[in-house]
Amino acid sequence: MNTATASRVSDLELANAIRVLAMDAVEAAKSGHPGMPMGMADIAVALWKRQLRHNPANPHWPDRDRFVLSNGHGSMLQYALLHLSGYDLPMSELRNFRQLHSKTPGHPEVGVTPGVETTTGPLGQGLANAVGMALAEAMLAHEFNVPGHRIVDHRTYVFLGDGCLMEGISHEASSLAGTWKLGKLIAFYDDNGISIDGHVEGWFTDDTPKRFAAYGWHVVANVDGHDVAAVNAAIEAAQRVTDRPSLLCCKTIIGKGAPNKAGTEHVHGSALGEKEVAATRAALGWPYPPFEIPAAIAAAWNAREHGARLEADWNARFAAYRKAFPERAAEFERRIAGDLPADFAAGAAAFVDAQSAKGETVATRKASQQAIEAYAKLLPELIGGSADLTGSVFTNWSGSKALACDAAGAVSGNYVNYGVREFAMSAIANGLSLHGGFIPYAGTFLTFSDYARNALRMAALMQLRTIFVYTHDSIGLGEDGPTHQSVEHAASLRLIPGMDVWRPCDTVEAAIAWSAAIERRHGPSCLLFTRQNVPFVARTGDAMAAIVRGGYVLADFDPAVTGALAVVLATGSEVALALGARTALAAEGFNVRVVSMPCTQAFDRQDVEYRASVLPAGVPRVAVEAGVTGGWHKYVGAQDDAKGTVVGIDVFGESAPAPVLFRHFGFTVEHVVAAVRGVL
């Protein structure tokens with residue numbers, strides 16, 4: 001198809017191609033959300049045909065614009081756009097919408113569908129991810145661009161709906177985006193007045209334009225979302241605003257084109273049905289069968305040639321940059337690739353050795369800060385932050401520079417004061433990770449991980465290198481009481497598939513937990529630290545090397561003790577109790593091995609032989625952790641007729657000094673000794 005023929009295709013025909021693909025795919029699956037794709041089709045034409053800088057042949061081109069579908073239930077909009085513009089998403093995948101192992105799952109998933117930048121579905125998180133992406137672009141631009149060479153210069157566009165704005169995370173994230181003056185973030189609000197329960201005026205009467213104006217956003221209200229030229233004009237106006245993010249409030253009709261269901265909740269989350277599909281084809285003047293796009297329309301949509309030119313232009317500019325600044329260019333490429341500096345492993349090993357030699361008794365939150373201090377000096381890509389608890393969670397270091405924005409919108413710094421916004425902090429950190437060029441970590445009290453839970457789950461689902469730092473990890477918090485004392489949280493976080501949860505017992509384990517989290521490219525980590533001091537533990541070289549395996553023999557059976565054998569395994573501050581119990585029991589003739597298990601997930605990934613060597617069959621076991629007991633039974637349950645038990649806490653805490661609480665709830669050497677006696 002020649003260019004002249006393609007150019008005669010109207011904007012309406014381009015939009016209708018999206019509409020029919022969306023309704024056909026949902027109809028074939030008998031499941032899905034056709035209303036949003038049909039309603040936002042004209043907005044998509046304005047953005048994807050006239051503004052979006054991308055190359056379908058290379059979805060990972062570094063300076064591409066990022067597109068986020070925060071209202072991810074309308075995934076067929078994105079799948080239609082990806083297919084039509086030339087990504088590796090053939091029509092067969094659209095036919096298999098929502099089917100097993102297809103590239104078109106019910107909600108967009110990064111790593112599954114080429115061109116999808118983030119996994120969306122839980123509403124509002126896509127918007128927060130987009131804030132993180134825009135923040136990453138702004139910081140990389142400040143760090144790497146030089147006069148005459150702009151190698152980082154792209155925008156982040158996000159589609160969102162009423163549901164995204166009703167979720168509280170939208171307030172948290174949008175407030176920060178305005179504060180940070182993210183001028184290259186442009187959001188499109190699909191203002192169709194409909195959610196699953198019907199017309200939203202019964203439960204959503206916010207003045208959205210005023211709300212976002214109060215955040216410091218540039219707002220364009222009352223854009224006709226079905227007028228491609230009007231949407232395009234609003235985009236171009238937003239692009240000229242460089243010191244504020246932009247919200248384009250687009251009035252649309254959900255399910256536009258469906259003669260009997262458009263504008264109602266009946267088109268929101270279910271297939272149109274055969275009769276309405278046929279009526280919609282007639283109303284749109286679309287005589288073609290399902291999943292057939294006329295050649296002229298397909299050619300008009302195809303963006304491969306244009307995308308190749310855009311990327312070739314950037315490649316030429318980057319080649320000039322590399323010639324002028326070879327070291328900067330190499331560093332940019334390393335960071336975008338996610339590779340660690342060549343000297344990181346050696347530097348981390350030296351730091352671990354130094355911590356071992358120092359033998360310091362401190363709170364593990366302080367040990368965490370020492371690790372940050374050491375590793376941040378090796379990793380310019382490490383960007384930290386806290387939800388208004390820096391002085392308590394110790395997530396800063398001597399080189400921390402608070403995020404700052406100048407009048408022109410330039411963003412610099414390596415430490416983010418997120419304010420009391422745990423959910424947005426976590427989802428924005430995910431956006432930083434998704435964009436590339438940064439390894440983000442974010443800190444708060446462990447009990448407040450509940451506020452961020454869904455962002456943690458999404459980090460694991462997307463296999464992101466995001467590090468979540470949680471302190472005050474048990475009843476050791478003390479006087480603040482049960483509202484702040486984490487009892488179930490460590491066990492709960494361990495239930496998230498793909499999440500590594502580290503609870504180190506001293507400075508050495510803290511150092512290794514941090515290095516393991518940094519080196520883990522395809523998955524997030526939670527690092528849990530104490531408020532109270534914990535004693536340093538001396539180790540053999542073999543034990544030092546085994547820490548990274550998640551569980552290891554810290555103090556082995558003593559050949560000089562000939563009595564009955566038992567294994568006590570523990571984490572964090574309770575490792576000291578296990579060691580104390582071992583000494584006391586040896587005096588009674590019992591022979592105890594102490595296993596430190598700072599990361600059960602890493603331990604579970606080890607081979608059978610290693611796990612059996614650490615936890616030998618037939619030997620009674622006792623697990624000790626100041627948290628709920630449920631998760632430990634897999635390690636101490638009956639095996640080969642040997643008994644096992646858990647010393648834990650299955651109730652909420654109390655308000656009292658930490659030492660009092662540990663005694664009250666039985667976290668003493670004497671109680672652990674009694675538990676071991678009970679299984680022998």
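With respect to the salt-bridge test (charged N to carboxylate O, under 4.0 angstrom), the residues Arg64 and Glu117 qualify. Of the charged side-chain nitrogens involved, at least one lies within less than 4.0 Å of a carboxylate oxygen, so that Asp500 and Arg605 count as a salt-bridged pair.
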**Prompt:** What's the verdict on side-chain hydrogen bond (donor to acceptor under 3.5 Å, both in side chains) for Asn430 and Thr466, showing C-alpha distance, side-chain angles and the deciding distance?
**Reply:** CA-CA 6 Å; Asn430 287 344; Thr466 309; 3.1 Å; yes
**Asked** Taking it one step at a time, do Leu176 and Leu135 satisfy side-chain contact (heavy atoms from CB on, under 4.5 Å)?
**Response** CA-CA 10 Å; Leu176 285 169; Leu135 178 61; over 6 Å; no
**Prompt:** After noting the C-alpha distance and the side-chain angles of Ser70 and Thr120, does the key distance pass the side-chain hydrogen bond (donor to acceptor under 3.5 Å, both in side chains) rule?
**Reply:** CA-CA 6 Å; Ser70 189; Thr120 56; over 6 Å; no
**Item:** Working for side-chain hydrogen bond (donor to acceptor under 3.5 Å, both in side chains), residues Glu509 and Ser596
**Value:** CA-CA 10 Å; Glu509 283 191 1; Ser596 178; 2.6 Å; yes
**Asked** Run the side-chain contact (heavy atoms from CB on, under 4.5 Å) check on Leu493 and Phe468 step by step: do they pass?
**Response** CA-CA 11 Å; Leu493 293 173; Phe468 303 100; over 6 Å; no
**Message:** Let's go through Lys358 and Phe536 carefully: what are the C-alpha distance in whole Å and the side-chain angles of both, what is the deciding distance for side-chain contact (heavy atoms from CB on, under 4.5 Å) to 0.1 Å, and is it a yes or a no?
**Reply:** CA-CA 9 Å; Lys358 191 175 182 180; Phe536 170 77; over 6 Å; no
**Asked** After noting the C-alpha distance and the side-chain angles of Arg539 and Asp506, does the key distance pass the salt bridge (charged side-chain N to carboxylate O under 4.0 Å, His left out) rule?
**Response** CA-CA 11 Å; Arg539 297 170 177 81; Asp506 69 353; 2.8 Å; yes
**Prompt:** Hey, mind stepping through Glu381 and Arg465 against salt bridge (charged side-chain N to carboxylate O under 4.0 Å, His left out) and telling me if it holds?
**Reply:** CA-CA 12 Å; Glu381 61 264 46; Arg465 187 194 260 166; 5.8 Å; no
**Prompt:** Hey, mind stepping through Phe332 and Phe318 against ring pair (Phe, Tyr, Trp, His ring centres under 6.0 Å) and telling me if it holds?
**Reply:** CA-CA 10 Å; Phe332 177 81; Phe318 190 78; 5.7 Å; yes
**Request:** Report the C-alpha separation of Lys366 and Gln369 in whole Å, then their side-chain angles, then the decisive distance to 0.1 Å, and conclude whether the side-chain hydrogen bond (donor to acceptor under 3.5 Å, both in side chains) test is met.
**Result:** CA-CA 5 Å; Lys366 184 62 178 178; Gln369 187 177 47; 2.9 Å; yes
**Request:** Could you go through the side-chain contact (heavy atoms from CB on, under 4.5 Å) check for Phe423 and Arg453 one step at a time?
**Result:** CA-CA 8 Å; Phe423 195 1; Arg453 176 74 181 207; over 6 Å; no
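Without hydrogens or angle criteria, Arg334 side chain to Asp339 main chain gives a donor-acceptor distance under 3.5 Å. Checked by atom type and distance alone, the side chain of Asn533 pairs as donor or acceptor with a backbone atom of Ala363 at under 3.5 Å. Between the side chain of Asp65 and the backbone N or O of His154 there is no donor-acceptor pair closer than 3.5 Å. A donor-acceptor distance shorter than 3.5 angstrom exists from the side chain of Thr119 to the backbone of Val110, with no hydrogens or angles considered. In this structure a side-chain-to-backbone donor-acceptor pair under 3.5 Å is present from Asn58 to His60. Thr364 places a side-chain N or O within donor-acceptor distance of the main-chain N or O of Thr530, the cut-off being under 3.5 Å. A donor-acceptor contact shorter than 3.5 Å links the side chain of Arg365 to the backbone of Ser392. Within the 3.5 Å criterion, the main-chain N or O of Arg150 finds a donor-acceptor partner in the side chain of Arg317.
Proximity of Arg531 to Thr471: side-chain heavy atoms (C-beta onward) are nowhere separated by under 4.5 Å. Counting heavy atoms from C-beta on, the side chains of Tyr470 and Thr444 come closer than 4.5 Å. Counting heavy atoms from C-beta on, the side chains of Asp206 and Leu165 never come closer than 4.5 Å. Contact annotation: the side chain of Glu373 approaches that of Ser398 to within less than 4.5 Å [non-hydrogen atoms, C-beta and beyond]. Two residues are said to be in side-chain contact when any heavy atoms from C-beta on lie closer than 4.5 Å; Ser426 and Leu456 meet this criterion. Contact of the Phe652 side chain with the Gln485 side chain is not registered, since no non-hydrogen atoms from C-beta on lie closer than 4.5 Å. Between Leu432 and Met139 there is a side-chain heavy-atom pair separated by less than 4.5 Å. A 4.5 Å side-chain heavy-atom check between Thr208 and Val219 finds every atom pair outside the cut-off.
Residue Val411 comes nearest to Leu403 through the heavy atom pair CG1-CD1, 3.6 Å, listed as atom of the first residue, atom of the second, then distance. In plain terms, the two heavy atoms of Tyr418 and Ala387 that are nearest each other are CB-CA, 4.4 Å. Across all their heavy atoms, Ala626 and Ser474 have their closest contact at O-CB, 3.8 Å. In terms of heavy-atom proximity, Ala513 sits nearest to Leu527 at O-CD2, 3.9 Å. Taking each heavy atom of Thr447 and Thr483 in turn, the nearest pair found is OG1-O, 3.6 Å. Scanning both residues, Leu123 and Gly163, for their nearest heavy atoms gives CD1-CA, 3.6 Å.
For Arg494, the side-chain contact (heavy atoms from CB on, under 4.5 Å) partners at least two apart in sequence or on another chain are Ala490, Val501, Arg503, Thr571, Thr600, Gln601, Glu625, Trp632. With sequence neighbours excluded, the residues forming a side-chain contact (heavy atoms from CB on, under 4.5 Å) with Arg328 are Val146, Tyr321, Phe325, listed by chain and number. The side-chain contact (heavy atoms from CB on, under 4.5 Å) test applied to Ala141 returns Glu137, Asn145, Val152, not counting sequence neighbours. Every residue was checked against the ring-ring contact (aromatic ring centres under 6.0 Å, His included) condition with Tyr415, not counting sequence neighbours, and none meets it. With sequence neighbours left out, Lys210 forms a side chain to side chain donor-acceptor pair (under 3.5 Å) with no residue at all.
For the atom pair CH2 (Trp217) and CG (Leu182), the distance works out to 8.0 Å, reported to the nearest 0.5 Å. Residue Glu311 holds its CD atom at 12.0 Å from NE2 of His54, rounded to the nearest 0.5 Å.
Taking the six-membered ring where tryptophan is involved, the planes of Tyr157 and Phe188 are tilted, since the angle between them lies from 30° to 60°. Using cut-offs of 30° and 60° for the angle between ring planes, the Tyr451 and Phe448 rings count as tilted.
The residue from Trp397, Phe351, Tyr441, Trp514 that alone fulfils the ring-ring contact (aromatic ring centres under 6.0 Å, His included) condition with Tyr375 is Phe351.
Taking the six-membered ring for Trp and the full ring otherwise, Tyr215 and His171 have centroids separated by under 6.0 Å.
Residue pairs meeting the side-chain hydrogen bond (donor to acceptor under 3.5 Å, both in side chains) criterion with at least one partner in residues 172-182, sequence neighbours excluded, are Ser175-Arg421.
Checked by atom type, the side-chain pair Arg211/Ser170 shows a donor-acceptor distance below 3.5 Å.
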